[in-house]
Each structure stands twice: as structure tokens, then as C-alpha cells.
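Take a look at the structure below.
Predicted, not measured: the structure shown is a model, and the values here were computed from it. Throughout, a chain's letter reflects where its sequence line sits, starting with A, and its residues are numbered from 1.
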Amino acid sequence: MNNPLLEMKDIVIEGLTGDAWAPIINSLDLTLRKGEVLGLIGESGAGKSTLGLAAMGYARQGCRIASGAIVFDGQELLGAPASQLRLIRGARIAYVAQSAAASFNPAHRLIRQYAEGPVQHGLMSAAEAEENAVTTYRQLLLPDPENIGYRFPHQVSGGQLQRAMMAMAMSCRPDIIIFDEPTTALDVTTQIEVLAAIREITRRFDTAAIYITHDLAVVAQLADRIMVLRNGDLVEENDAGEILAHPREPYTRDLLAVRSFRKRESDAALKKEVILKVEGLTASYTGENNVLEDIDVSVHRGRTVALVGESGSGKSTLARVITGLLPAVNGRVVFNGDVLPAALKHRKREDLRRLQMIYQMPDTALNPRQKIRKIIGRPLKFYFNASRRQQEARILELLEQVELPADYIDRYPTELSGGEKQRICIARALVAKPDLIICDEVTSALDQLVAEGILKLLLNLQRQLQVSYLFITHDLATVKAIADEIVVMLAGRIVEKGPKKEILTPPHHAYTHRLLACVPEMDPNWLDRLLEKRPAA
Amino acid sequence: MGDLRPDFVGIEALPGDLAEAVLGQSATPETVAAFRKELKLDLPPHVRYVAWLGAFVRGDFGNSLANRRPVADLISWRFANSLLLAGVTALIAVPVAVILGILAALYRNTVFDRLISMATLSTISFPEFFVAYILIALLSVRVALFPSIANINADMTLGQKLYAICLPCLTLAMVVTAHMMRQTRAAIINILASPFIEMANLKGLRRLRVVVLHAFPNALSPVINVIALNLAYLVVGVVIVEVVFVYPGLGQLLVDSVSKRDIPVVQASGLIFAATYVMLNLLADVLSIVSNPRLRNPR
Amino acid sequence: MTALLKLLRSAPFSARLGMGMVLITLLAAILAPAIAPYGETAVTGDVWLPASSSHWVGTDNLGRDLFSRLLFGARNTIAIAFLITALSFGVGTVWGFLAATVGGWIDQLLSRGVDILMAFPTLIFALMVLSVVGTSIPALVVVIALLDSTRVFRLSRAVAMDIAVMEYVEAARLRGEGLWWLMRHEILPNAMPPLVAEFGLRFCFVFLFIAALSFLGLGIQPPTADWGSMVRENAGAITFGIYTPLWPAGAIAFLTVGVNLIVDWFLHVASGLED
Amino acid sequence: MSRLKSLEQVLSAGNLSRRAFIAYASAMGLAAAVSPMAFPSKANAEGPKRGGRLRLGLNGGATSDTLDPGIQLAMMPQVLVYGALANSLVEIDADGRPAPELAERWESTPDAKKWIFYLRKGVEFHNGKTMDADDVIDSINWHLKPGTKSAAKALVESIVSMKKEDKYTLAFELKSGNADFPFTLSDYHLVVGPQGTDLSTGVFTGGYKIKTFEPGVRAFAVRNPNYFKSDRAWFDEVEILGINDVNARTNALKTGQIDVMNRCDLKTVHLFKRMPGIQVMRQDGFKHFTFAMRTDMAPYDNNDVRLALKYAVDREQMVKTILRGYGRVGNDHPISVANRYHAGDLPQRQYDPDKARFHLKKAGLDGATFKLHAAEAAFKGAVDAGVLYREQAAKAGITIDVVREPNDGYWSNVWMKKPWCAVFWGGRPTEDMMFSTAYAKGAAWNDTFWDHPRFNELLVSARAELDEDKRRAMYGEMQRIVRDDGGVVVPMFSADLAAASDTIGHGKLAANWELDGFRAPERWWFKS
């Protein structure tokens, strides 16, 4: 092949922590040739986004490119004047951000934002640019390409918006596009469309790309070459197929093996008493449109029921109704044989204790101004009126149970990593000695390896304590790993339910089938096969 | 109408009444009684309130207790004066504040930004009357550019009026500009942290374009609100400036009427103040909605 | 504590400058009786003397030593303004948090009530009330604090609204915690940064407001030294080319700028913590 | 206005044509500020000159002001009505003597009970009507009509009957003899308006006709061409602006936006005097401040207590500190040096801690605490005066506790209610008025609740006494009685300070009211 289009050498990027600069990226090299797709993979904090942005000579607030060389098409970008960088950004290297909803200016119409780049770079007139936009929208299979551009960002769905952003990135026909986790925020079914669009772009225009993700299965579909990053260091770099087939490093192997574990089936065979029974539940926020319609779910002691569905299917609403935050319009919740009052404030403290909840975002689920001692200690005081000494003993015991060091007792949540925080949340739930824990997407905000650790912990605890889980998730991999029974929801109704084995074995309900089909597999050809099967949208 | 009650109750609760307040030391029991009877102050408050409310609904503000002139006559030209002062000040202050705010955000953390922020900080750090006196000392006594009192009257032409209100306008403009400018800057800087601004930067757009076309439209809502608050302040809160410059505006009338317990005037001007405040807030809300594409263009 | 020290050490120059300015003012206030060369109200010389060795910054409109009055003025100004601000925050935050946490008709009632109060200009309201209850310092403190608490109410309600929807508050609700716990332990600690910043700003507003009231004759009454009244008492001299009033005005600006510099930095740090 | 001043200099030096000057000045927007002095007229350079617009910036205007002569409470309407629009039968001249105005002359019976006033002929009202006796009767009855709020009601109630002898002769019969009746008729409330009209419309006989009256803000009047006095009302126009803030008044005068201001800031008046182009005018009038003790209440019913407190005040220091020297010490009676029968031979009471201590001991009240109630509403500096008093009295071993009262309602809740409080008195032009108002037994404003038989007797006989020397002796004795037995501490008389541009000319200033007896518009002029 010819000369590399982009060559980054010996890049060191530093970030400001407190008042000191600490390295985020340690002496990394990166080369990208024309038309090549490079996958950057790693967990959060690996420095992949920072490296990706550095390819444009850009560092976020609080970061700086300390040393190295970034040569793009013969020009040195590091230390180049802003005017020179401006000519390259957008025009020759474009960027696609993780959240299209946040990255489109809410005040302007899509097409105006599309046209802005080419017009400002002097590549075409506004009229040409708009015409061009329609063509690109059509190529990316956006519905109603003639008119969709005249909408505001909030008027377009998430998947379409993500594609519109790719169209915008293409507006100047750049040499390189940097994709920064473009599908992470999307449902599995939408993710497919976006991946297809990226494939279309890179193939059709022979555009080089850097694809940043934490999901090896996703990057496997697109990348020619993959770099595995960890804590700012390069772990391994190789052709995509090679990495999947023959990972050299243990870390890469861990990433590949993620969630291949399964809950032991033997547990599932035993029928136990019913802890929670939801009967004919109908709920509504406004009093008019029902968000939940006639829901029946049962959870047995020591078992896990997984509630699956895409965003908006009503799974979280169901959790709110069960906990009493949203009183139901119809139906009832039977907990331990007693009918629970619909509203939270009428429930007995004892019932509250036995029904606990764990949230998706451990960041917002823990009060940042309380120490772990108080976070876990308060329920002890509240439910059991435990003395200070009893509290301390029990907290230490719990920290051990959730596999955290004892000295965390006097830390603030902000001093903990995401996975550690989630373990604190689990400890806080466990401390109440509950019969049932509602887990609302508890792993989806975590890196895959961390998430796996959390799931394993939950399973262990269930074995030890015979606690039941109502597990809400959109991630079928998680479901496969942890569930005893599965409930599939769509638009506020239950589509299908039953033991895991039954649901995951064909024949599926059509919707379940679609969900399952969209889960990426660790196979470079999975996307191609899937797209071939599907009729063009 | 709910807004009327507190004024009325508030004034009713003042000890002493108009008769004593007006007559002061020369209030003999006899003249006070005569005064009260004439002004119907001897009737119970609720009777008077109902009567006043009834008249008000018919568009009759009633008469001033103090000099028996119709309240509407008393208030209307003063309110017009207050509006003139506020309007001219706003015409100067709003564009200046917005432009300075944008520039300060654009050149954030540069010498220019620091200079502007120190300057505005100092103007809001001084009492208004002090700013006014300094301006008088400099621009009226030392260099005879502007008159030191702004006693405009109906016989003046608009030009003469505008010349007369130069200093009060300048004083007010300095105070409100500082507030609005700081808010504009803060709102824009807040927006500058959004991902879509990073996106705009990564599209290779010029900084001015990013700030003016991308950040500013999204900062409009807080800016509009702060402008509305400051305009409300201009119309109703300029008592001090009116006193310093002897400007015949509504604020001075109200202060005077409060001390004289002239209930109909206080009620009517209180109502105007409240209405102005509510109107401006309403206007701000409407403008915020209009400026927000999410609200303007529902899905 | 160590964290606080660390935070202070990491402060940028502007914030250090602000802290220095506030510290100087505080020291002046605390040490006033010890370092002031003359008494608070002692007439020691002719009117409006220029600065000299016996009167470091000259004398005021009654021939009192201006430097001594500035020191005592710091005492009164800061103490009174602080008291007012503290009271208004005490009242404003409790009701604001209550409105945000409970919501529903209580929120509506409180919010609309505050709207009505705010629709009437604060200064006029204060004038009305003060002309009734008199201008003693306790009255001044209570009246301004209550009027000011409407603004605190708005802010604390808005802040608490954002916090009340957080999952850790929901978790506490699900645990069955009472209202007071929610407000005191879950919301308050997290609402502190904006409230502390607002505290600084309102503190400055308060003594400017007192100065305005003094101007209309309803503020702190003579002969108590207070910077606002001192500006007012001496303001007439400016147009005669006597710059005595610049000193108390400068002192006000000095403290305001100092507080603002700290608040700016504090807001910056606080917003950084949220990231 | 230095720019304007230099412009005027250029003009008077002849370097600029008058037309060019006006064009230039109006271009600067300064037309209103151009002083008439810029155009020297042919009139003689020394004496009064006709023309110009007099611009007065006055403290004491309120939105509650009216033109009703019965309710004249503030300086702005007082100067407007009494000083520009209207005349009384009698005026008070610069020496404090009654002088003819609408009445040409008058005479009385020896017991001073019946008075005949001969009216000036050919006086025309602003509405064109010629004044006669009916108008006068009607105008006096204005203050007696049912439900009147007139402050002059008490004055005119002493009149038993008014009789029109002929068109220009009027006979008054009084309840009792009053040698000061001409003074009574000089009162600023008792101006004369046309019969059968509403007197609050501003139609009178004065040198100016009202054009605009915006209460508390602005009044504008133009010269009455048919004014009956040819040597008065020199200005073409009079503009009165209500400027309650003293700094604003001062600045406005300094910058030439007004020609005259009243009530200078005592703090800056010494600086003001030094300014070129400004004249400061001092009037020692009747205004005085008192600390009134209720002689009907313990412990002030004991004259030794009263004397102790009278000796315990350092009047000199009071005048120096509270009035900044712009005033005179009081002698514990309300009669000013401006009054005709001021007892100058009465020894001045001095600050004497020993005597104070002696009297207190005599009263058996050693170590007692006296509560002095004060507020700024009582008079400017009242609280400071109280504090000063406290320190002075402390040297005599007397403890005074200064109780600060709210300004609001001071006159209804504190004055004449609390046993000892600070009081403001505008004073009265005659001894009789002053004593009758506040010292006679049972008088409505007898704020010391004082009842001294000899005093009360003297008051009645002096009132009817037409013989100057006898009167002087009587009033002298009354002053001594009040001084030694009365319930008031009178530490000081306050001077009135006004300032004007030095282009303003005036004669000797009358002392009865501020601004030349309220009559600046009528009596003053622009110098040539």
C-alpha cells in the first residue's frame, strides 16, 4: 500500500487531575492507510476517545497532547496554528460522536448543520450542499430523505439521528472519519441499521476510519485492523480476524470470553414458593394512555426473572409500580402472600425492607456526599436500629461479601470506580436482608469485564442468601447469563414469557426472534450475513 | 386579582393613616377627624376594599386620598416617564450587555475577558446612588456635559427629555448591563461545554461562528429571562435613581405615597408594578418558547 | 479538613486574591476595637480633613476618624449582612426544599405565594414594612431576610428539584425515610455548592440593599458605622472635590469583589466536581 | 456648567453675537440653562431688574400637596401660594413688622377687640375680578366652612364677626383683645381669593399666575401683568421644582439648573460658601428644638427635676455639633431673637453640672434614670442630640436613657404621650401665637401639659395690650417664667440656610419664614 494517510508517533497525552498533569496515553503509535478501518477497543479509561480526537490534533478541556508527532497527509498537526487545523477538521477528518442527540445543535435544522461544513470550508454553495445532503441521506437509507433534513434534531429518532450525523460527517467527503462509540447508546435493533450505514460509507467512498468501541463483537464486523488499549497502553495490535481467532494477550482473551458463562441449570429445575406475584397490572402516568397493560409476572424464591425489552417497552415502569412509586391503575401486587398497598407511603416499613432495588447508574444511585459507612449503615439503623458498633461489624461483613476491601468504609462514592460503586449498591440492598431485589439495567452502564464480575457476584449471593431477582435489561447476553425465567416486553405488554430454555430455543415469537438476531456475535461475517437476510429498508 | 390583596392588607396594617401622615404635627384631633370623614377612612377596611375593587373593575382607579386627584391622572404620566427611562436604558443596555457577554465568552480567560469582568464586577459592587453621584461629579459638575437633575416635564420636546435623562440612563445602564452581561457570558460558557459545541469545533468552524451561531441561540432562554428580570427592575426598582436625579417617575410616587399612606395610589401603582413584572415574565416565557425549537416545533 | 486545605492550596491566583481580600476585611472587623485609633462615634477633628498622620484617611462629615469608622463599619456591615443572609437562607432553603421534595399543592401554594411577593419590588416592600416596624437593627435583619428568602426559595427549590429526581433520593424514599431526612441528609449536602455560591452573592446584595435603604433613610441608623450609610453620609462631598466617600465605597467594592472572586472559583470547582 | 459660563463670558466680551449664542446653546441642549445674565439689559446695573425665569429647587414637596390655602403643609406649595400666587391683607416686612398688603391701613379700639381694615383699591384677581371686602370675608370663611381641614381654623375662630362697612372697608370683632391681630391676618393660610370660587384652583391676586402644578414635582407660574405692586414680582416666570434630596439640590444649583435652593446641607455649606458664583443666605428665624417634659407626670411635675435637666445640657456644644454652628443657643423658652419682644436681658442659662446635681439631689432623685424619647422625625439630628445630652448629663451624675422611637407615627404615638421627648417647633412670628399654641393652659399643643396661673394671666392681658413698653415687660416676664418653671428644655434655635446663584439679588431677608418669608419669587430679582 501507499504511504499512510495518518501517522501518529510516540503520542503522549496528559490529563489534568487536581493540579497535576498525569499521562492518559503513553507513547502510542498509530497508522492509518487510505480506506482502512482501524478499530480501537478497550474499556472506559483506556484512552481510546482521547487518542481518536488527537488524530484531529484536538484535545478536550483538561487534556493536552504533550509530545509526539501527528502527520496527516504530509502536514504536521501537532503545534499547527488553529487556522490550519480548522481547514482540516470537518473537511478532511470528520468526527462522529457517541450521542447524536447531544451533538446536534438543538437550535438548527439538520440540513443546515449538514451544509454548514462544506459552505464554511468553501467547498460548495448552500444550495449545492443541501442537494448533496439529500443524496447522502438517501445513501444512508434515511426515511424521506428529501424532507428529513428540514427537521430539528429532537424530531428525529435516535438511530436516524446517528445516521444523520454520519451523513454530516460525510458532507465534505473527508479522508478519515473518526467514529467514537456511535452505537453504544442505541437499542440492539437500531444498532444494526447504524452499523450497516457505517459499512456503506467506508465501502462506498473508500473512506478511512477509526472506529472506537468497547464492544469487540461490534468492531469485529467493521474493522480491518484492531488495536486493543488498556490504561493508555497498547495491549495488542493485529488484523481483525487474527485478533478474534488467535488473541495473544490474556486481556484480549478476557474480552473475547466475556459473558460466555451460564447460570447452572440445576437450580432452575426446582419449583419454589412465589415471592412476588403481579396480577393484571395496568399503569399510566397521565391517567389516559396506559404505559403498562395487563401485566402478570411471578417471581419464585431464590430465582431470577429477566424482564427484556427495548427502551420504551415499559420495563422500568413496571419496577416503579412494584415499588409503589407509581400507583397502579388496575391490578395488584402480592408480596410474600400479602397484597401491597398501591402507594409507597401506605406500605409498611417491613415490606419496604424486604423489597430492595438496584439502579442502572451507580453514580446517581449513591449520594456523593455520604461515606460508604453512612450509605450502608443507614438502612441498618433504619430497619434494625443497629448500634454504631453493630453497624460497623455488619458493614465490614458486607464489604467482604461484595468483594471490596474493608478500608472502603470511610470513602466517598466519588473515590470508587463504576463497578465498585455498583457493588456498594448491592451491599446497600443486601443489608436490608431482602427477599426480592429489583435490578434495573444494573450492568448496562459498566464495562463488559466489570459487568461480568457484577453478574457473577449477584449469582453467588443468590446461591448463598436465596434472594430473588427481578432483572430488568435490554441486553440479551446478560439474560442468557443470569435468568431462570424470561419475560419479553414490547410497548407495555408481555409478548412472551417462560423458562429461559423455552424462550431461547426456537421457535421464537417474532419479536423475540428479532431481538435475538440483532445481538452481535464474535464473528467477522455476522453483520454481512444478517444484512443479506434482511430486505433493504 | 389575587395580587391586589397583599398591597391592600399591607398598607391597611400600617399604623396611623393618611390624615395623620399628611397633617403631621399640625394634625389636631379635629382636622384629623375631618380628613378621615372626607376620605371615608372612618369606614371599616373591608368596606373600602370592596368599594375600591368594584370601582377598579369598572376602570376607575379612584382618587388619591392626599390631594383628591384621580389616581389615574397621577400615575399615568409618571408611569410613562418610568417607561421612557427604562426603555431608553434598555435600548442601550441590552445590546451592549449581550454583545459584551458574547465577546467575553468568545475571548474567555483573556485579558479582555478579565478586564470586562472586573469592570462589571466593580459597577455592581457600588451602591447605585454612589455610581450616580460619581457620574454627576464627573460629567455634570466637573465637565458640564449633562444636567445633574432630570426633572422632565410635559412641555419639553423629546430631544430635551432625552438630553435630560442622560445621566440617570447611564447610571441604570451601568448597573443592569453588568448583571445582564455576566449572565449572558455565564449562559454561553455553560453552553460551550455541550457536545454539540465540540462537534461544531470539530467541523472546523470559526470560533466567532461557533459562539454566535451555535452557542448563543441555545443560551437565549436564560439570557431572555435575565433581561426580563432586569427590565422589570428598571421599571419598578429605580426608586433610588429617581430620587438622586429628581426624576418624576412612578417609584418616587410610590415611596411618597407609602409614607403618606395614600392607599389608592399605593394600590394602583403596586398593581402596575406587579402587572409589569408579570407581563415581562410572561413575555420572557413566550420568547423562551419561541426561541426553543423543541417547544416551537413539537414532534 | 485536609481535603479543604488541599482545595485551598489548589486555588488559582484570583481566588487566593479574593480570599486575601475577604480575610483582610474579616480581620479588620474582628480586630476593630483593638486597632482603631479612635472610637466608633468619637468626634476627633474638623469635618472632612484630608489624610494625615493622625487621621490616616481623613475625617468624615462629622469630623470622626474615617479609618476607625471603616474598621467598625466592617464589623457592623459584615455582621448584619451575614446575619441577614444566614437567616434568609435558613428560611428560604427549608421552604424551597420542602416545595421541591413534597411537590403537589404545597409546592404550588408556596411558589405562587413567593411569586406574588416577588411581583412587588423588594425595595418598596421593605420601605412599607420598615416604616411600620421602625428601623431598629433586629427589624432590619428580619425584614430584609424574609424578603430575600423569596429569592433563596426559588434557587433552593430549583436546585432541590434537580436533586430530588436523583436515584439516591428515590432509594431513600423507597427505604421509607421521612421528609426531614430527605431534606437534611440527601438533598442539602448536594445542594451546597450552588447555595454556598449564592450565599456569597446574596451577602453582597444584602449590604448593597442596606445601603440603598440607608439612602432612603430606613437603613442602619446613625451613629452606627456601616459602610453603606457612610457612603451616603459623605456622598455630598464628592461634587466638592472631596474624595472621602470613596473610602467606604471602596471598602464595599473591595469586599464584594473579594467575595465574587471566591464565588467564581468555587462555582468553577463545584461544576468540575459534577463532571 | 463651566462650559456655559465660558460661553457667557465670550458673549459678554462681544465675541459672539446673541443669535449665534442662542443657536450654540440650544444645539448643546442648554437653552433652558442659559441664565438671563448673559444678556445685559439697558436697565440700571445696580437695582432690581425685570425678567428672567426664577428656578427654585425646594425641599419639602410631596405628591399630596394642594393649592388649597387651608392645607399648606410643605415648603413647595407655601412658597408657591404665599410667595408667588397670592397675598394676605398684611405682610411681614424684613424687620418683622406688619406692613400693608391688600389692606392699605388698619386701626383698632383701645382694647384691641375691634379692628377696621381699609382695603387697597383696584386690586385685580388673576381671573379679572376686582377685589373687595366680600372677597376677603369669603376667603376667611373658607377656613371655617363645615368639615374644613384648614390649619388656620384655630386662628380665624378668634373672629366673632366680620362686617363689610363699605366696598373697601372691613370691620372685625374679636372674642378678646388681640394687639397682634394684623399679624394673624398675615398668616400664609389667610390669602385672599375671589368670592365664590374654589380657592384650591390657584386664582389669587399675586404677582404670578399659575400655569402648571404637579404636586411634589413642579410648579410653573408666569408674571401677572396687572399686579398691583410695581416694585415686586420681578421675574417673568417662576419655576418651582420639588427636590427632596439635598445632594440633588446642591448639585442642581452648582450646575446652574436652579437659581435658588432651600435647606442647605449643614455638612457641606462651608464648602458651598467657598464656591464662586454661589451665595449662601442665613436666616435666624423662629425654628427651635425642644425636649418637652410632661409637667403633669412624675418626676417632671417637680420643678427641681426640670431645672436639673435644664442645667445638664451644654447648649453651646449642641449648636456646634448638631447644628454645625448654624443656629443660636436657646434659653429654655421658645422666643427667638427674631421676635419683637425677645428678652435679650434675660441671663443665658449655662451648662452647670453642679447646679444640676444640686437640683436633682433636692428633688431626692439621685441616681434616677430619665428616659428621653427621640426619633429623626422629631428633628434632624434629634437622636444624636439625645446621645450628646446623655453624655453631658452624665457629667452631672444624671443618667439619661435615649429611647430611639420609630419615625413613623412619632407625632401621634410619642409626642404628647411619652413623659419626655424631642420636639420640633417651626416657631411663630408673634409671642402670643407661640405661647397660645404650646404654653397656655389647655392649649391643644401644650406638650408639657403646663399650667402656670401667672403666665396664663399675663398671656391674656399682653394679648390685648397696645402699649409697646408694657407689652415688652409682660412678654419678658413670661419668658422668664417659662425659662425657670416651664417644662421645656430649649437647647437651640436653628438657622435656615438657603443658597442661590450670585446673580440673584435681594434686600434684607425677612425672618418669619424661610426664603425671605416664603416670598423669594415676589421680592427677589436677577441682578443686571
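- If you measure heavy-atom distances from B:Ile136 to chain D, the contacts under 4.5 Å come from the side chain alone.
- Rounded to the nearest 0.5 angstrom, D:Thr255 OG1 and B:Phe146 CZ are separated by 13.0 Å.
- If you measure heavy-atom distances from D:Leu241 to chain B, the contacts under 4.5 Å come from the side chain alone.
- Side-chain contact between D:Glu239 and B:Asn153 is present, with at least one heavy-atom pair separated by less than 4.5 Å.
- When heavy atoms are compared at a cutoff of 4.5 Å, B:Phe245 does not approach chain D at all.
- When the salt bridge (Lys or Arg N to Asp or Glu O under 4.0 Å) test is applied to D:Asp265, no partner is found at least two apart in sequence or on another chain.
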Next item on the list: Start with the C-alpha distance between B:Trp77 and D:Val217, add both sets of side-chain angles, then the distance that settles side chain to side chain contact (heavy atoms under 4.5 Å, CB included), and finish with yes or no.
Entry: CA-CA 12 Å; B:Trp77 69 280; D:Val217 178; 4.0 Å; yes
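- Applying the 6.0 Å contact sphere to NZ of B:Lys161 captures more than 12 heavy atoms from other residues, nucleotides or ligands.
- Minimum heavy-atom separation, B:Val244 to D:Ala248: O-CB, 3.3 Å.
- For NZ of D:Lys211, the number of neighbouring non-hydrogen atoms (other residues, nucleotides, ligands) closer than 6.0 Å is 12 at most.
- Electrostatic pairing of D:Arg218 and B:Asp155 counts as a salt bridge here, judged by a charged N lying under 4.0 Å from a carboxylate O.
- We find the CZ-CD distance between B:Arg78 and D:Glu214 to be 5.5 Å, quoted to the nearest 0.5 Å.
- With contacts defined as side-chain heavy-atom distances shorter than 4.5 Å, the pair D:Asn251/B:Ile149 does not qualify.
- Here B:Phe79 pairs with nothing under the ring pair (Phe, Tyr, Trp, His ring centres under 6.0 Å) rule; sequence neighbours left out.
- Rounding to the nearest 0.5 Å gives a distance of 9.0 Å between NZ of D:Lys254 and OG of B:Ser148.
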